[in-house]
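Beneath this line is the structure, given in structure tokens, with notes to follow.
Proteins get letters first, then strands, A, B, ... in listed order; numbering begins at 1 in each.
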Amino acid sequence: MLDIKFIRDNTDKVHRAVNARNDTAPIDEILSLDIQRRQNLRRLEELRRERKRLTKGKDEASRHAGRILRGQIKSLEDCIRGTDEKLNDLLLRVPNIPQDCVPEGKSEDDNITIRSHGRPREFDFTPLPHWELGEKLNIIDFEAGARISGSRFYVLKGAGATLQRALIDFMLDLHTRENGYIETYLPIMVRREALVGSSNLPKFADNLYRDVEEDFWFIPTAEVALTNIHRDQILPPGSLPLYYVAHTPCFRREKMSAGKDVRGIKRGHQFEKVEMYKFTTPETSNAELEKMVNDAEEVCRRLEIPYRVKELCTADISFASTRTYDIEMWAPGCNEWLEVSSCSNCGDFQARRANIRYRNQPDSKAEYVHTLNGSGLALPRVLISVIENYQCADGTIEIPPILESYIGAGFIS
RNA sequence: GGAGGGAUCGCAUAGUGGUCUAGUGCGGGCGCCUGCUAAGCGCUUACGCCGAGAAAUCGGCGUCGAGGGUUCGAAUCCCUCUCCCUCCGCCA
């Protein structure tokens, strides 16, 4: 969330940012509500001051005057509560300001490829898409998924399930042992406030699953739970940066993407992801973003799969982000680059929502931390890439060398 | 699921309608004293918002888990919710 004071003092900048994102947040309405709120607040404070004074005198005249004041104070409080609620709801729907270095753009077509690694493999046969390979090898069962849960669900069997587990283990080992992240096991059902903190609510409610009876919500990404690890805390001097990594299932309704990517395992309602998350000081967050992207890229490099890194333009960075890099892995069977990671610096946007601060010195003022999140990586798409890149002419799949020790075999057949 | 107990200024505690402008101890900070250390003495010790100011700062309002209510007046009384603890039941 943006500070209302910031919107007040930088109205033009906020307008430009909202436009650059193709967003429609009602900044002018917010500003007029803010003026209204402050006017009423001043009046209310005067009335309360008067009440305080009257309370000292216990005679009947004071009581009578107090009774009148009580009514005025109450109705003014109700009025302010109303504008506060409206204002707060609108503020929660204003997107973050992109950094000045983020390229201007109108759509994802304006994202910029900033580097790539590896070359797509040359095949001397026509590479098959993973859904065909998966069914032939009996390691992905779409029918069973549909039987159990309907469309956009699948079952991984045998070596398919083992391969996914090996990938998860490999990624967690890399991030914890070499990249310095703390492994976490997280709740995947969370309370509403957690999703407000991570900025999935109120704006993106229609992409979430929830249990109505208990008001538990299923996380669309581990980022939600990780953001809230330090909710309402002031982190002591010297504790930053903090690196966390988690493997969790993720749940998304994909209402907005109805009819898109319906084949294969690219876009399901439930999928596994390894997520990296950092809490940093404002001074270091951009440098930490570069490191985080590199940590994600390292997964691709060790799997020896071609990938490219894109810097997202203003229209395509996510709601909470000030700056985002996507990593796309090559998938020769479906013949496309698959988004396997998105790494974002959210600045103090989530920290303000979740009230996460730190102190630089024991006696210095508490400041909001910066938060960063990045997939490291999203499993189904990596699975697709591995299967399609490592397929052989006879329909078997080679195991990437880095995973052999995790799987105990060199082939899936 | 049932029965109880609890949440107060960093920590520990006091506070059952006005004297709470929330006390005390510990811890922290500043200073004094003491030939070292320890002890002692004095002062100090939160956050948010609104307003004024170039700023240091000043004034006001709010905050005793959260939100409502009763009252001229609420940390204190009532209601709802959240979290923590104890016991019983059930369960991987």
### Query
Taking the side chain as C-beta and beyond, is there a heavy-atom pair between Glu143(A) and Glu135(A) under 4.5 Å?
no

### Task
Between A3(B) and A92(B), how far apart are the P atoms? Round to whole Å, please.
25 Å

### Query
Would Asn286(A) and Gln99(A) count as having a side-chain donor-acceptor pair, cut-off 3.5 Å?
yes

### Task
Check whether any side-chain heavy atom of Ile114(A) lies under 4.5 Å from a side-chain heavy atom of Tyr325(A), and answer yes or no.
yes

### Task
Give the C-alpha distance, both sets of side-chain angles, the deciding distance and a yes or no for salt bridge (Lys or Arg N to Asp or Glu O under 4.0 Å) between Arg231(A) and Glu193(A).
CA-CA 10 Å; Arg231(A) 153 179 286 273; Glu193(A) 292 78 24; over 6 Å; no

### Message
In whole Å, I'd like the distance from the CD atom of Glu214(A) to the C1' atom of C81(B).
### Response
14 Å

### Query
If you check the Arg67(A) side chain, which of G51(B), C49(B), C72(B) turns out closest?
C72(B)

### G53(B) - base-pair partner by Watson-Crick or wobble geometry, distances under 3.5 Å
none

#### Entry: Gap in Å between the two P atoms, one belonging to G67(B) and one to U86(B), rounded
28 Å

### Task
Could you measure between the two C1' atoms, the one in G17(B) and the one in U71(B), and give it in whole Å?
9 Å

### Query
Is the shortest side-chain N/O distance from Lys52(A) to OP1 or OP2 of C72(B) below 4.0 Å?
no

## Note on the structure
Under a 3.5 Å limit on both distances, the Watson-Crick or wobble mate of C36(B) is none

### Message
Working to the nearest 0.5 angstrom, can you tell me the gap between Arg192(A) CZ and Leu201(A) CG?
### Response
7.0 Å

### Presence of Arg81(A) side-chain N/O under 4.0 Å of G68(B) phosphate oxygens OP1/OP2
yes

### Message
Would you say Arg42(A) places a side-chain N or O within less than 4.0 Å of OP1 or OP2 belonging to C50(B)?
### Response
no

### Message
In whole Å, measure the gap between the C1' atoms of U13(B) and G6(B) for me.
### Response
14 Å

#### Entry: Phe349(A) and Phe319(A) aromatic ring geometry - parallel, tilted or perpendicular at 30°/60° bounds
perpendicular

### Task
Identify the nucleotide, in any strand shown, that forms a Watson-Crick or G-U wobble pair with G23(B), with both distances under 3.5 Å; if there is none, say none.
U13(B)

### Query
What is the base-pairing partner of C61(B), counting Watson-Crick and G-U wobble geometry with both distances under 3.5 Å?
G48(B)

### Query
Can you check whether Arg48(A) has a side-chain N or O nearer than 4.0 Å to OP1 or OP2 of G60(B)?
no

### Message
Please confirm whether the shortest side-chain N or O distance from Arg191(A) to OP1 or OP2 of U82(B) is below 4.0 Å.
### Response
no

### Task
Sticking with atom P, work out how far U21(B) lies from C26(B), rounded to a whole angstrom.
26 Å

### Message
Of the listed nucleotides (C50(B), C47(B), G73(B)), which one gets closest to any side-chain atom of Arg357(A)?
### Response
C47(B)

### Task
Taking only the side-chain nitrogens and oxygens of Lys74(A), find out if one of them lies under 4.0 Å from OP1 or OP2 of C72(B).
no

### Summary
On RNA chain B, more 5' by nearest nucleotide between Asp78(A) and Glu46(A) is Glu46(A)

### Task
Mind calculating the distance between CG (Leu76(A)) and C1' (C49(B)) to the nearest angstrom?
15 Å

### Query
Just checking, is any N or O donor in the side chain of Thr324(A) or Ser344(A) under 3.5 Å from an acceptor N or O on the other one?
yes

#### Entry: Distance between C1' atoms of C11(B) and U45(B) (Å, rounded)
14 Å

#### Entry: For C43(B), the Watson-Crick or wobble counterpart (both distances under 3.5 Å)
G29(B)

### Query
Between G15(B) and U76(B), how far is it from one C1' atom to the other, in whole Å?
8 Å

### Task
Could you check how far CG of Leu41(A) sits from C1' of G51(B), rounded to whole Å?
10 Å

### Query
U86(B) pairs with which nucleotide, Watson-Crick or G-U wobble, both distances below 3.5 Å?
A3(B)

### Task
Tell me which of Asp34(A) and Leu44(A) sits closer to the 5' end of RNA chain B, going by the nucleotide each one is nearest to.
Asp34(A)

### Message
Just N and O in the side chain of Arg8(A): are any of them under 4.0 Å from OP1 or OP2 of C50(B)?
### Response
yes

### Query
How far does the P atom of A22(B) sit from the matching atom of A46(B), given to the nearest Å?
12 Å

### Query
Taking CD from Gln39(A) and P from G51(B), how many angstroms apart are they, rounded to a whole number?
10 Å

### Task
Let me know the distance between CG of Asp3(A) and C1' of G48(B), rounded to the nearest Å.
12 Å

### Query
Between Arg37(A) (CZ) and C49(B) (C1'), how many Å, whole number?
7 Å

### Summary
note: Asp84(A), atom CG; C49(B), atom C1'; distance rounded to Å ~ 10 Å

## Note on the structure
If pairing means Watson-Crick or G-U wobble with both distances under 3.5 Å, then the partner of G18(B) is C72(B)

### Message
Regarding Arg352(A), tell me which of base, sugar-phosphate or nothing describes its non-hydrogen contacts under 4.0 Å with the strands shown.
### Response
nothing

### Task
Assign the ring pair His175(A) / Tyr181(A) to parallel, tilted or perpendicular, where the plane angle (0 to 90°) is split at 30° and 60°.
perpendicular

### Task
Return the value, rounded to whole Å, for the distance between atom CG of Asn88(A) and atom C1' of C49(B).
14 Å

### Task
Under a 3.5 Å limit for both distances, which nucleotide forms a Watson-Crick or G-U wobble pair with U80(B), could you say?
A66(B)

### Query
To the side chain of Arg63(A), which of C72(B), C47(B), C50(B) is closest?
C72(B)

